[in-house]
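Data block below; observations after.
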Amino acid sequence: MRHGFPLLSGVDLDIAAGTLTLVTGTNGAGKTSLLQLLAGLVPLTSGRAQVAGVDLRSGDRRQLRRRVGWLGHEGSFYDELTVRENLVFAARALSRPVSQVEVVAARVALEGRLDTTTKQLSAGQRRRLGLAWLVLRRPELWLLDEPYASLDDEGRTFFDELLSEVLASGATVVVSAHDPLRSPTLNPIGVHLAGGRVVPT
Amino acid sequence: MRHGFPLLSGVDLDIAAGTLTLVTGTNGAGKTSLLQLLAGLVPLTSGRAQVAGVDLRSGDRRQLRRRVGWLGHEGSFYDELTVRENLVFAARALSRPVSQVEVVAARVALEGRLDTTTKQLSAGQRRRLGLAWLVLRRPELWLLDEPYASLDDEGRTFFDELLSEVLASGATVVVSAHDPLRSPTLNPIGVHLAGGRVVPT
Amino acid sequence: MIRTALLVAGKDLRIERRSRVLLWQVVPFGVIALVLCGLALGPVGVSRATAGPGLFYLVTLLVTLLMITRSHAIERTAGTRSSVATLGLDPAGVFLGKALALAIELWITGLVLLAGSVLLLHTSLHGTVKALPSIIVTLGALAAVGTIYGALTAGDSGAGTLLPVLALPAFAPLLIAGERSFRAALNGGGVWEWWLIVTVALVAYLSAGILLYGVLEES
Amino acid sequence: MIRTALLVAGKDLRIERRSRVLLWQVVPFGVIALVLCGLALGPVGVSRATAGPGLFYLVTLLVTLLMITRSHAIERTAGTRSSVATLGLDPAGVFLGKALALAIELWITGLVLLAGSVLLLHTSLHGTVKALPSIIVTLGALAAVGTIYGALTAGDSGAGTLLPVLALPAFAPLLIAGERSFRAALNGGGVWEWWLIVTVALVAYLSAGILLYGVLEES
Amino acid sequence: MKLLSQRLLGPLTLVSLALTVWMGLVVTPPDRTQGDLARLVYVHPAIAWVALYLSFGTATVASILYLWRRTRSLVADQVAHCAMEVSLVFIVLTLITGSIWGRPTWGVWWAWDARLTSSAILGVLAVGYLALRRANDDPTLRARRSAVFAVLSAINVPIIHFSVLWWKTLHQGATVFTANRSLKIHGSMAWTLLLSFVAFTLLFVWLLRARYRLEEQRTVSQTSSLSVALEQRRREGAH
Ligand code: HEM
Ligand SMILES: Nc1ncnc2c1ncn2[C@@H]1O[C@H](COP(=O)(O)OP(=O)(O)OP(=O)(O)O)[C@@H](O)[C@H]1O
Ligand SMILES: Nc1ncnc2c1ncn2[C@@H]1O[C@H](COP(=O)(O)OP(=O)(O)OP(=O)(O)O)[C@@H](O)[C@H]1O
Ligand SMILES: [Mg+2]
Ligand SMILES: [Mg+2]
């Protein structure tokens, strides 16, 4: 709840570990808010929720944030640093070998843009950088807000592959989207939001 | 061209007044840059171009900007003002009757959010506000960068209707998108970019 | 032009009122800067009554820099520039409006600072009142030139730091003139010639802004 | 903690180097402010040589405020906070790193300002050198407390204006102590007791930051 | 017992304040050097006591309680907020009564004396605290930030107290609470002074409680408006 406006008004949800959930809903239904809540990025002011063993009201949200990967509407990097520098920073912070940076950049087809300053990237390239960052981190819980937006066809295909791979490795994924998932092999559990609550589809 | 990187390297294009053009291309192909150029938002440093009778290198780009409508990746309003205040500001600036504000807000289904501060809007609601702003302005040349992104189904349908209406009124529209247009009645002229130049499809 | 100016000024003031930055942050900052400067003058206290004008304008300078950065930060958000650019507002009107809003904010802050100066630094009340016309005009001129320089640096990566470098040399003459006229008023000297000088500066900066703002906005 | 600190400091300094804000904007601003203040002292010039310490710290204060705003603006862009939050960096390390980067920037600026003060205001070179240890520690303490207060106000709508209000009272004692010790060094007095005082302040602020930064980062 | 104390607090405060006024204005004799002006001694120190130690102190302690993980609760945050508001009021009152006293004794309303300046800075810190609260609307973020700020600001209180010793000041040295615990003034004046402290302490408790009640009511009205808002929000989805 922010400024007295309840972002979510009735969400009763159980997401099992290792599953793929697809959150849909009209504009303003509360999808982004729900994902932000799960990521521990916004506080929970009423009701109860537990994510990955951390209670969202009384628990240590920093603990939680360390275990989730978040891909939001806007890319989230240091604009003045290059793609490589951003990834190296993340790798160091996570104690990953720096050599992985080139590997993940190649996976999202950004190897040609490694030395471009992040603020000069196109919208889709930013999205790809966001994905590269997540690939580097390999979190337990992936929270992806409209991941297809501004990706081109090739990018979307890559994303679908990534998703299957992630699920195969046992991680939990929650995706919000306006379009259905493209890959027919993915069988998401559908959650439909309207007016801040879950409605049966 | 910015910082020595040629954003567009070979675009030879003629867009007739009153037509609908769909610009496609991979991530980083130069779609956004092309539209920004047409809108007079970035300067042209080499080559020649003329939009709506204004030469992009020597002409008065302010003249041009007054006649184009631009919908970019990010919504573009005063974040601290409410939806209503933003629209009233635009209406006053354009000498339109203020009563139109409620009308256009209702058209994009934002009538329930008129008194919400713009920064609190969801991604799709921001998009809708952007469209409302354009509807209020009714420019001659519409430049829309990935208009479907973050709109829900209803929003996309509305957008398609708007497009037909705009074309019927004689305006010129250039849309960039990764998906084809949804409405079968719209027959866009396709332009495919790759590496900053037009390639035949 | 006037219509645009009022529209823009109204918008700026509304945003200011909404965020309460002036009331809760700028004014307290001014008062505290004044207190600190008074303290820095040391316990000697001899010249404190005469230090009023200098300190007043020093603090005003700081406040002005803060307010300008803010006034232009409003326009700088993500896409605001492109959409406002396509509104085709008359740049002269935009300039006047932003300068007017800034001037109003400066006048309010100035009033509080003058009260503080009278109460805390024992600046003569009579002299202060006599100096008011020149102060009002000087602050107006500061607002005008500040708006121009704000537009010059708006949108830069380091706008917050570039502005002071560019604006200080332009502010200096105004500040010195303002300070001298304030001091003259305190000492019972003639204030009108100073008033004339700052008025000429105000008119000059306003004309410059009206003429040049269009060029600046085009970026 | 130390690893994180070095990582963060390296990143901050790299961004700073890339954008050249320090070199092209902050340092010139400091020099201009110094010149203007020297000018404001009037043509009397008697006390200019002794005004050095006061002016140096006044300008340093302004520069510090600018640099803090910038140091936290880096983290504040759209989604940076959320993605960095999910990196799970040790907050104490982040604090130390940011404070270190800020301190290095302040030391560089301070050096230029001291040179300016010696050249332009004829502050005694010998005394300045003697004052260096206390100046270095004072600037370090400013960086530490500034980083805390920067985090207190980061991300606010009016961060640029709230910071000065909150930070000035905390800076004031440091500035006064720094100024006194500088002055003492110029006059050939004892500098070590002042040095002790600012060192205690530095240690206190560093501990406070290490303890409390985690609380602040959690948003 | 609790109920009784709650009922009694208001009347007790009023009675003790009235008693202070009566003792201060009527019973005690005028001062040898300062005349009737010295009667401000029954107001100014007690107000300063409330401002510095009771309210700013409460705000600090509540903030520490908030910061300490085991005692963290939004109640502590709200108490800190209320206490800081009370503190601001009393700091301003201290400044006003001090100024009124200073005009005849020192000849000026204000002087750049260490205690006066540090008191003024404390006032600015209190304003800063409230400004910081206004600038954040996420309740947890607000609580954390303001708690850190309050704790950092608290160093100023001992500075104010010892400023009269550390620097040569215009302001009166410690008169009431000297190190050797012997009162420097005598008789009815001492009793009245003591009474004034009791009265203003009661006033503080009363004000803080009243302010906190207001806060509680706001929370209650917020929760009831929450259910209304929730209902509205749900209807939004229904179309
Ligand atoms: C604006 C002016 C003044 C301010 C801001 C001020 C502030 C204070 C403060 C903060 C205290 C509490 C100190 C503590 O308990 O640690 C205090 C105590 C006191 N003040 Fe003032 N004061 C002012 C003017 C005066 C004047 C003019 C007098 C009398 C000539 C005076 C007499 C006293 C006395 C007797 C005490 C109690 C001393 C003690 O017990 O330590 N004050 N004042
Ligand atoms: N303080 C507030 N006051 C009023 N409404 C608010 C406030 N904060 C958020 N909202 C509303 O909360 C709703 C939920 O937003 P959210 O971003 O979660 O939606 P979403 O499902 O992600 O939508 P989209 O598909 O457009 O991204 C929106 O209607 C938004 O306007
Ligand atoms: N200064 C620069 N230096 C290097 N590359 C740059 C610079 N400025 C822009 N670019 C590149 O220009 C290309 C064109 O970007 P643009 O935003 O026009 O692409 P786009 O077609 O809109 O892509 P998307 O579908 O991802 O939105 C991108 O590859 C971008 O990285
Ligand atoms: Mg969303
Ligand atoms: Mg694009």
Side-chain angles (χ1 to χ4, degrees), chain A residues 1-5 7 24-36 72-75 83 108-110 112-113 115-117 119-129 131 145-159 176-180 182 192-196, chain B residues 2-5 7 24-36 72-75 82-83 108-110 112-113 115-117 119-129 131 145-159 176-180 182 192-196:
Chain A
M1 194 170 101
R2 286 198 234 170
H3 297 288
F5 180 87
L7 290 168
T24 53
T26 56
N27 286 146
K31 302 180 294 300
T32 303
S33 312
L34 177 62
L35 294 189
Q36 281 180 328
H73 283 301
E74 67 254 309
V83 170
V108 297
L110 272 185
R113 284 274 170 270
D115 294 309
T116 304
T117 313
K119 71 172 160 212
Q120 292 167 341
L121 292 181
S122 80
Q125 289 167 338
R126 284 188 150 252
R127 260 297 135 119
R128 285 158 184 260
L129 179 55
L131 287 173
D145 198 12
E146 299 187 38
Y148 286 139
S150 72
L151 283 182
D152 60 14
D153 235 48
E154 179 214 31
R156 292 178 187 185
T157 310
F158 159 72
F159 175 76
S176 100
H178 289 298
D179 316 274
R182 292 162 23 121
H192 190 74
L193 290 182
Chain B
R2 283 195 241 168
H3 298 288
F5 182 85
L7 289 168
T24 53
T26 56
N27 287 145
K31 304 180 292 300
T32 303
S33 312
L34 176 63
L35 294 188
Q36 280 179 330
H73 282 302
E74 67 256 307
T82 62
V83 170
V108 298
L110 273 185
R113 285 275 171 272
D115 295 309
T116 305
T117 314
K119 71 171 162 216
Q120 292 167 342
L121 292 182
S122 80
Q125 288 167 340
R126 283 187 150 253
R127 259 300 137 119
R128 285 159 184 259
L129 178 55
L131 288 173
D145 196 12
E146 299 187 38
Y148 286 140
S150 73
L151 283 183
D152 60 13
D153 236 48
E154 180 214 31
R156 294 178 184 184
T157 310
F158 159 72
F159 175 76
S176 103
H178 290 296
D179 317 274
R182 294 163 20 124
H192 191 73
L193 289 182

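Letters A, B, ... mirror the listed sequences (proteins, then strands); counts begin at 1.
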Non-hydrogen atoms of B:S122 and A:N27 that approach each other most closely: OG-C, 4.2 Å
Nearest non-hydrogen partners of A:D179 and B:R156, listed with the distance: OD1-NH1, 2.8 Å
Part of A:R127 within contact of chain B (heavy atom distance under 4.5 Å): neither
Proximity breakdown for A:D145 and chain B, heavy-atom pairs closer than 4.5 Å: neither
Atom group of B:L121 that falls short of 4.5 Å from chain A, counting heavy atoms: neither
Residue part contacting chain B, namely of A:T32, when any heavy atom lies under 4.5 Å: neither
Side chain / backbone / both / neither for A:E146 at chain B, heavy atoms under 4.5 Å: side chain
